[in-house]
Amino acid sequence: MITIPYLTALTTYFSYGLLFAFGQLRDFFRKFIDWWKASNLQGYAPICLGLEDFYIRRLYLRIQDCFGRPISSPPDAWFDVVERVSNDNNKTLQRTTKISRCLNLGSYNYLGFAAADEYCTPRVTETLKRYSASTCSTRVEGGTTALHIELENVVADFVGKPAAMVTGMGYVTNSAILPVLVRHGGLIISDSLNHNSIVNGARGSGATIRVFQHNTPSHLEKVLRENIADGQPRTHRPWKKIIVVIEGIYSMEGELCKLPEIVSICKKYKAYVYLDEAHSIGAVGKTGKGVCELLGVDTDDVDIMMGTFTKSFGSCGGYIAGSKELIQYLKYTCPAHLYATSISPPAAQQIISAIKVILGEDGSSRGAQKLAQIRENSNYFRSELQKMGFEVLGDNDSPVMPIMLYNPAKIPAFSRECLKRNVAVVTVAFPATPLLLARARICISAAHTREDMVKALEVISRVGDLVGIKYFPAEPKKTQLQEATKKLD
Amino acid sequence: MLVRSEILINISTFEMELSNNIATAIMNSMKNASDWMTFAYDAPFARAVVFGVPIGGHLFVEGLLLVVILFLLSQKSYKPPKRPLTNKEIDELCDEWVPESLIPSITKEMEKEAPILDSAAGPHTVIDGKEVVNFASANYLGLMGDDKLLESCTSALEKYGVGSCGPRGFYGTIDVHLDCEARIARFLGTPDSILYSYGLSTMFSAIPAFCKKGDVVIVDEGVHWGIQNGLYLSRSTIIYFKHNNMESLQTTLEKVTLDNKRAKKLRRYIVVESVYQNSGQIAPLDEIIRLKEKYRFRVLLDESNSFGVLGGSGRGLTEHYKVPIDKVDIITAAMGHALASEGGFCTGSNRVIDHQRLSSSGYVFSASLPPYLASAAITAIDVIEANPSLLTKLRDNIRTLFVKLSEIQGLKLASDVLSPIVFLVLKKSTGSMKSDLQLLEDVADRVLKEHSIFVVPSRRSTLDKCKLPVGIRLFVSAAHTESDLQKAYEALKSVTDSVFTGQN
């Protein structure tokens with residue numbers, strides 16, 4: 001849990017209050033001016049009612065240039081950010097032809113497969129020539145090629161389950177699988193900080209939804225006991241089934257989930273476990289097999305494992321892994337399998353080649369090197385940031401590092417100052433995080449070298465001093481010197 | 001005689017005396033009581049003057065009454081005492097509860113696997129080592145395997161790699177995405193457009209961004225699952241009208257307008273597909289626009305199967321019916337059909353598109369489209385603009401097949417003559433969807449095995465609410481030759497003759 005110092009909380013509330021007041025003032029004047037001009041709606045209701053897009057118009061547009069920055073090169077460790085100018089005070093942004101080469105601390109490129117790779121790209125090009133860019137049909141019609149079957153087998157082996165099913169997009173996997181597994185009369189218990197795709201899937205299913213406190217197994221147990229004893233709301237009939245949905249690494253906190261405790265609680269109360277490994281598959285664990293390997297949980301205990309290929313494998317798509325019967329049933333009923341175009345063949349080949357590299361089946365040790373590199377990089381970066389006095393969240397070994405900013409004015413300040421010094425970072429605010437807890441999120445990749453990280457640390461430290469986000473006292477440099485002298489002795 | 005009358009007189013006088021006595025007794029007692037009451041009223045202390053206000057003795061009685069009333073009111077009403085479950089009871093309930101299994105048991109039809117292709121899903125493909133004619137891929141203009149597309153994809157792959165590694169807001173916007181959006185907007189003549197990374201998620205992310213709780217949406221009953229899911233997530237009031245039936249649409253619009261006369265802030269939408277995936281019918285857009293303007297509704301149109309197919313230059317249903325494109329408020333389409341790419345897009349006015357960039361969940365919370373697919377889409381649009389002859393070839397192919405297939409036994413054509421999806425349904429249904437599907441699958445299997453023509457029956461998910469009949473779908477492509485169409489006709493004729501003998 002994050003505890004904010006009182007002064008910071010006060011100033012943050014004050015800032016938001018000021019922004020809100022100014023926004024309302026501007027809206028008031030806008031109403032006046034619009035009242036004079038004739039409205040061109042002609043009897044239709046406006047497509048966005050007043051307060052719905054207040055946040056967008058009055059707060060987000062001011063800092064719009066910090067989001068959605070276009071790039072003109074692959075999202076590798078160093079990339080080209082296209083500069084944009086605005087002629088009307090940030091309402092619209094136009095691209096210029098100038099580019100600046102920046103260090104990439106924002107893309108999900110955990111194992112460095114983002115750019116053209118020496119093993120993967122020739123194979124992908126060959127697949128493109130053989131199977132063309134898309135199959136133009138669904139999996140149950142003409143969209144299942146030999147490549148798709150191979151992909152599903154490879155993924156199932158990698159994850160450690162008997163069978164797997166692959167879809168073309170990770171978001172749709174969650175939204176289309178949860179309604180098939182649980183219908184009205186079932187219960188879904190999900191972590192309070194779960195991703196939007198899980199929330200959408202749970203809502204679309206029609207089941208009752210309950211939330212337990214983030215990563216707190218004791219609260220999960222309490223919620224389970226209460227709900228099993230009470231039964232369905234109003235009728236008190238017993239529940240048909242209960243599914244607990246958790247994620248491997250939470251993308252806004254960088255924390256690992258407490259998988260062993262949660263699995264043992266679910267076994268005791270006979271609930272099914274659904275694990276979403278979008279950020280952790282391929283990035284953690286000794287051989288890259290995800291949180292189950294890292295935390296020592298047997299994959300048979302987790303009923304349904306889901307993940308995406310966008311982050312660690314440099315491709316697109318999502319998968320579901322489980323027992324053979326589960327996958328057969330899902331292939332028969334899941335809308336993502338029956339109605340949606342199958343995954344593009346070159347993307348499928350990229351996944352297969354990436355998995356082969358990770359497992360070392362391509363004949364080199366690049367996979368093991370990458371895995372060791374990312375672990376080393378994340379631990380080094382996190383400890384250095386903490387030494388400098390920043391408030392960094394997340395567990396050891398996790399490649400996602402949020403740095404707390406809190407104040408809304410610091411968000412654009414941090415982002416723009418870093419960009420001026422050629423470091424590209426990602427800042428996140430409301431509504432992806434709670435109102436007071438804005439942060440800058442750093443994603444470390446195996447493609448970052450030691451020099452890259454040292455440069456990044458220098459820039460972040462200088463900008464942090466400028467902006468004022470070193471909330472903790474830094475470790476004094478003297479002790480570091482003393483340690484160095486001790487080592488020499 | 002005289003003695004009796006004397007006795008009677010004596011008795012009556014006695015009675016009168018008695019009654020007089022009783023009356024006087026009652027009168028006396030009442031007089032006594034009133035004396036007491038006047039005494040009580042006139043008692044000296046009852047006439048006290050407190051603070052200059054004369055108080056009478058009756059006030060005491062009233063005061064006592066008030067105290068009694070207050071006492072009764074302050075008593076809590078009787079509720080049976082609450083007894084929360086003890087830990088031991090909760091433990092027992094948890095032990096007793098038995099969940100359903102995660103999935104129902106596997107039946108025979110669930111084990112059926114789709115045929116596996118060994119080459120690209122073009123007009124001719126290879127299944128199980130045999131070359132077959134492929135009518136199951138929605139490759140309407142034959143752009144799959146086109147040289148220009150492959151070239152642009154290869155150069156994009158070498159430049160950008162495969163994935164884009166991030167959502168659009170966090171360095172996932174590559175310049176090809178912006179170029180693709182601009183190209184689509186220029187091709188269709190709209191101000192702006194927005195790219196989604198998957199065809200299915202386009203509609204079910206766009207709808208909840210505009211339709212909120214309390215809005216009214218009127219939908220055709222034959223729309224596909226993506227639209228149904230989007231409407232369910234939006235929590236608006238949904239009203240279905242009969243499939244492609246304009247009178248039904250008009251009566252529904254009338255009813256809704258009458259019911260909601262006063263609601264000025266209510267947003268009202270009509271959602272239709274241009275070419276329905278579940279039946280192959282084409283929506284009459286000019287009628288719909290006329291109704292929309294009369295009743296003040298907004299129109300959402302899904303052009304997945306008509307983009308690049310209908311209209312003189314492939315611009316879709318609006319060009320086909322000669323309706324100016326700005327009359328349709330929101331147009332979405334999946335690019336996995338005529339454009340031989342993947343993903344989807346949405347176009348409309350600037351306000352509509354800008355709103356989606358922040359509130360459409362499938363755009364904000366999901367990784368962006370791989371760049372090579374975006375550059376494939378740009379090249380595909382360039383090819384369509386340069387070669388309008390592809391469209392005429394496709395139209396000729398559809399018409400040829402349509403004419404030939406109208407004389408088959410047991411199956412009848414349910415689709416429009418211009419639709420690229422040729423949809424055959426059973427003339428006489430067997431009664432349940434499952435057995436219909438079984439019959440159609442048999443027909444499709446035999447056509448594949450015996451005659452090497454690949455066709456598929458349309459399958460429905462258990463979540464789908466659409467009630468239209470299932471059938472066999474043939475996706476016609478501009479790359480099919482005359483001989484392909486002839487072979488398809490002969491194959492279907494011979495199989496349906498043998499399966500449907502005796503029926504007509």
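Side chains are part of it too, since the values below use all heavy atoms of this structure and drop only hydrogens, waters and symmetry mates.
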Check [Y] with [X], please: is the shortest side-chain N to carboxylate O separation under 4.0 Å?
X        : Y        : answer
A:Glu221 : A:Lys268 : yes
B:Arg357 : B:Asp192 : yes
A:Lys241 : A:Asp303 : no
A:Glu141 : B:Arg459 : no

**Request:** May I ask you to check whether A:Phe67 and A:Tyr60 place their ring centers less than 6.0 Å from one another?
**Result:** yes
**Message:** Looking only at the aromatic ring of each residue, does the gap between the centers of B:Phe210 and B:His355 stay below 6.0 angstrom?
**Reply:** yes
Please look at [X] and chain A and tell me whether the side chain, the backbone, both or neither of the residue comes under 4.5 angstrom of a heavy atom of that chain.
X        : answer
B:Ser164 : backbone
B:His224 : neither
B:Phe135 : neither
B:Tyr171 : both
B:Val162 : both
B:Leu373 : side chain
B:Ser341 : backbone
B:Tyr140 : neither
B:Tyr198 : both
B:Asp118 : both
B:Asp179 : both
B:Leu102 : both
B:Asp354 : neither

Under 4.5 Å heavy-atom distance to chain B, tell me which part of [X] shows up: side chain, backbone, both or neither.
X        : value
A:Thr308 : neither
A:Ser445 : neither
A:Ala278 : neither
A:Pro346 : both
A:Leu147 : neither
A:Ala115 : backbone
A:Leu326 : both
A:Ser197 : neither
A:Glu325 : both
A:Tyr272 : side chain
A:Val182 : neither
A:Ile149 : side chain

Counting distance only, does the side-chain N/O of [X] pair as donor-acceptor with the main-chain N or O of [Y] below 3.5 Å?
X        : Y        : value
B:Asp215 : B:Arg268 : no
B:Glu158 : B:Ser155 : no
A:Asn104 : A:Phe79  : no

Using a 4.5 angstrom heavy-atom cutoff, name the option from [options] with the most pairs to chain B.
options                                : answer
A:His148, A:Gln328, A:Arg441           : A:Gln328
A:His337, A:Arg183, A:Arg95            : A:Arg95
A:Asn109, A:Ile228, A:Asp230, A:Val180 : A:Ile228
A:Asp117, A:Thr341, A:Thr167           : A:Thr341
A:Lys129, A:Glu226, A:Arg139, A:His195 : A:His195
A:Ile243, A:Asn200, A:Asn196           : A:Asn196

**Asked** With respect to chain A, which residue among B:Ala121, B:Gly169, B:Gly166 yields the maximal number of heavy-atom pairs within a distance under 4.5 Å?
**Response**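 Heavy-atom pairs under 4.5 Å are most numerous for B:Gly169.
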